[in-house]
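Values in this document were obtained by computation on a predicted structure and should not be read as measured data. Numbering of ligands and ligand atoms starts at 1, following listing order.
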Amino acid sequence: MSRQLEKRRRGTMHSGVFMRVLILSVVTDPIPAQNSEIFTLVVPHGPILTRINASISLPCELSPIFSAEPLEVRWYRPGNFNRPALLYKDHSIQASVDPRYWGRVSLTGGLERGNVSLRLDRVTLEDRGEYVCRVSSEQWYEKASVSLTLIVLGGIPVLSLAEARGGGGQVNVTCSSVGWSPQPTLTWKNKEGAELRNVQEVLYTHDSQGLVSVSSWLLYSPSDSDWLSCTVSLSEEEEKESRILPRAPMDGHWSLGAFITTLIILLLVVFTVIGLFIWNKKTDKTESTERPEETALVRGDQSQAPNGGTVLL
Ligand SMILES: *[C@@H]1O[C@H](CO)[C@@H](O)[C@H](O)[C@H]1NC(C)=O
Ligand SMILES: *[C@@H]1O[C@H](CO)[C@@H](O)[C@H](O)[C@H]1NC(C)=O
Ligand SMILES: *[C@@H]1O[C@H](CO)[C@@H](O)[C@H](O)[C@H]1NC(C)=O
């Protein structure tokens, strides 16, 4: 029976074992108080969904229902047992917790009713992930995992056109969108709203904050001349769509860059011409004004030199 007890402490149980263990402990151990009870924890199966800045409850309840007030309740991220998000023991919430959760966590479900759910306020992106709910008495402990998923809507899909590699008269249409959580789906549709399934692949990348970027491309015949739509979505209500009319890339590739370059060269030519014209006029003017001065100076020198000589002598 002690082997079964060990097994129970480590993990799953079924009611048969539970009953036998309970009966055994009743028979063999004098039970000191209610906090020696053997219990399990009830948590949700799927993840809890929430949004940034929201308040959320991570459910965790004792089964059978009895007061958790004399017990220890520890909520921690896996690997952070000694730095819990919340620690309740000796009938009060302890101060020594992870600073990331300061002032944002509480137990509001009613400990006396066995509800040890963690309330988390002002949810941030970093709050995403697993949480362990661990409840222990002097004789017993149980833990269970609750997962928190953040819903973040990303940006409007950006559609761009390029000439298809290898030509063939098709255009390469690319759709990309950044900043999603959790991983979204991407679908291409034609004007009729029918999904296009000949898409090569959908690529996912994670940014430094752990948000997901998605992109996909397909080849389209511009002769179809109907618009295409690209939808990125988390669910039917949480989606963003963009549309494009895929046309063949313009002849001569008269891009904005080429236009600006041409404009700059044109302006340079114009300024050079104006500059040369002004310079020419200026040199003309100085030549015509300098010549008489020069002759006057020469004449003055000639007349002054003998004068100076007479004064000195
Ligand atoms: C969260 O709240 C803060 C302060 O109230 C605000 O500045 C920020 O924009 C909010 N973020 C979102 C995603 O709602
Ligand atoms: C436990 O408490 C949470 C609030 O933290 C509440 O949402 C939940 O409904 C409670 N469960 C029961 C069974 O009362
Ligand atoms: C289409 O464009 C994407 C980039 O947006 C590129 O990775 C892909 O190789 C292109 N495919 C063809 C056939 O041109």
Worksheet item: Y131 ring centre to R77 NZ or CZ under 6.0 Å, with the angle to the axis within 45°?
Response: yes
Worksheet item: Can a cation-pi geometry be assigned to R134 and Y76, taking NZ or CZ under 6.0 Å from the six-membered ring centre and within 45° of the ring axis?
Response: no
Discussion item. Using side chain to side chain donor-acceptor pair (under 3.5 Å), reason through E130 and S145 one step at a time and then give a plain yes or no.
Written reply: CA-CA 7 Å; E130 292 287 308; S145 206; 2.5 Å; yes
Worksheet item: Among T124, L125, N53, which residue places a heavy atom closest to atom 1 (C) of ligand 1?
Response: N53
Worksheet, complete the sentence: Filtering V173, L218, T174 for the heavy atom nearest atom 5 (O) of ligand 3 leaves T174
Practice prompt. Indicate yes or no: at least one non-hydrogen side-chain atom of Y220 is less than 4.5 angstrom from one of L161.
Written response: no
Worksheet entry | ligand 2 contacted by R119 (non-hydrogen, < 4.0 Å) | no
If only atom types and distance count, is the side chain of [X] paired as donor or acceptor with the main-chain N or O of [Y] below 3.5 Å?
X	Y	value
K143	V132	no
Y88	E69	yes
S181	L150	yes

Counting non-hydrogen protein atoms only, what is the nearest one to [atom]? Give residue, atom name and distance.
atom	value
atom 11 (N) of ligand 3	N172 ND2, 2.8 Å
atom 7 (O) of ligand 3	W217 NE1, 3.9 Å
atom 4 (C) of ligand 2	S57 OG, 3.5 Å
atom 6 (C) of ligand 2	N115 ND2, 4.2 Å

Item to complete: Can you sort out which atoms of ligand 2 are near E61, meaning under 4.0 Å from one of its heavy atoms?
Response: 1 (C), 10 (C), 11 (N), 12 (C), 13 (C)
Worksheet item: Which ligand 2 atoms, with their elements, are less than 4.0 angstrom from a heavy-atom of T108?
Response: 5 (O)
Worksheet item: How are the rings of F39 and F66 set relative to one another: parallel (under 30°), tilted (30 to 60°) or perpendicular (over 60°)?
Response: tilted
Discussion item. Quick check: R165 and ligand 3, any N/O pair under 3.5 Å apart?
Written reply: yes
Discussion item. Less than 4.0 Å from atom 13 (C) of ligand 1, is there any heavy atom belonging to the protein?
Written reply: yes
Discussion item. Using a 4.0 Å cut-off to any heavy atom of I52, which atoms of ligand 1 qualify?
Written reply: 13 (C)
